Amino acid sequence: PTQASLLAVKGCCGNVFLYDCKSPEGSEGSAGCKATLSEEKPVEGYALEWSPSDVHFLSTGGHDGLLSIWDVQAQSKVWSTKAHEGPLNDLCH
């Protein structure tokens, strides 16, 4: 991650929440939540993996087989593809 205290959590509706574990309150009012990354279509899925080569990139996968790459610093999706016919349950770089 971009900073050692940054934690990414993927919710059941497909949103990715970025938390700063050292911050008592984030921009969205919940404790430590810095940002929310949202897919166009909400879909369940829990696959997350930080890029080992670029600290700003986070990969996510859902039950629709969609693989997305996010730039967490810009809080935007940089790439997406249908990577699997079934759900993506885990990711590994």
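This is a predicted model, so every value here is computed, not measured.
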Quiz item: Among the clusters formed by ILVMFWY side chains lying less than 4.5 Å apart, do Leu91 and Ile69 turn up in the same one?
Solution: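 Yes, Leu91 connects to Ile69 through the hydrophobic network.
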
Quiz item: According to a 4.5 Å side-chain heavy-atom criterion applied to Ile, Leu, Val, Met, Phe, Trp and Tyr, with indirect links allowed, do Leu66 and Trp70 form part of one hydrophobic cluster?
Solution: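 No, because Leu66 and Trp70 fall into different hydrophobic clusters, even though each may have its own neighbours under 4.5 Å.
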
Is there a side-chain contact between [X] and [Y] in this structure, where contact means two heavy atoms from C-beta onward sitting under 4.5 Å apart?
X: Thr36; Y: Gln75; value: no
X: Thr60; Y: Glu39; value: yes
X: Lys34; Y: Leu6; value: yes
X: Leu88; Y: Leu67; value: yes

Quiz item: Taking everything shown except Lys41 itself, do over 12 heavy atoms lie less than 6.0 Å from its NZ?
Solution: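 Open: at most 12 neighbouring heavy atoms sit under 6.0 Å from NZ of Lys41.
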
Without hydrogens or angle criteria, can the side chains of [X] and [Y] be said to hold a donor-acceptor pair below 3.5 Å?
X: Asp71; Y: Ser76; result: no
X: Ser59; Y: His93; result: yes
X: Ser68; Y: Trp79; result: no
X: Asp20; Y: Ser5; result: yes

Spatial distance of atom [atom1] ([X]) from atom [atom2] ([Y]) [nearest 0.5 Å]:
X: Tyr46; Y: Asp90; atom1: OH; atom2: CG; result: 14.5 Å
X: Asp64; Y: Glu44; atom1: CG; atom2: CD; result: 11.0 Å
X: Asp54; Y: Gln73; atom1: CG; atom2: CD; result: 9.0 Å

Self-check item: Nearest non-hydrogen partners of Gly86 and His84, listed with the distance
Solution: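 Looks like N-ND1, 2.8 Å.
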
Practice problem: Quick one: closest heavy-atom pair of Lys10 and Gly14, and the distance? | Solution: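 Closest pair (atom of Lys10, atom of Gly14, distance): CE-O, 3.5 Å.
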
Quiz item: Taking Thr81 for the side chain and Ala83 for the main chain, is one N or O donor matched with an acceptor at less than 3.5 Å?
Solution: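 Looks like no, no N/O pair under 3.5 Å.
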
Self-check item: side chain to side chain contact (heavy atoms under 4.5 Å, CB included) against Val9, all qualifying residues, sequence neighbours excluded
Solution: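 Testing Val9 for side chain to side chain contact (heavy atoms under 4.5 Å, CB included), a comparison that skips the adjacent residues, returns Leu7, Tyr19.
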
Quiz item: Residues two or more places apart in sequence or in another chain: which of them pass side chain to side chain contact (heavy atoms under 4.5 Å, CB included) with Ala8?
Solution: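 In terms of side chain to side chain contact (heavy atoms under 4.5 Å, CB included), with neighbours along the sequence ignored, Ala8 is linked to Val16, Leu18, Leu48, Trp50, Leu58.
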
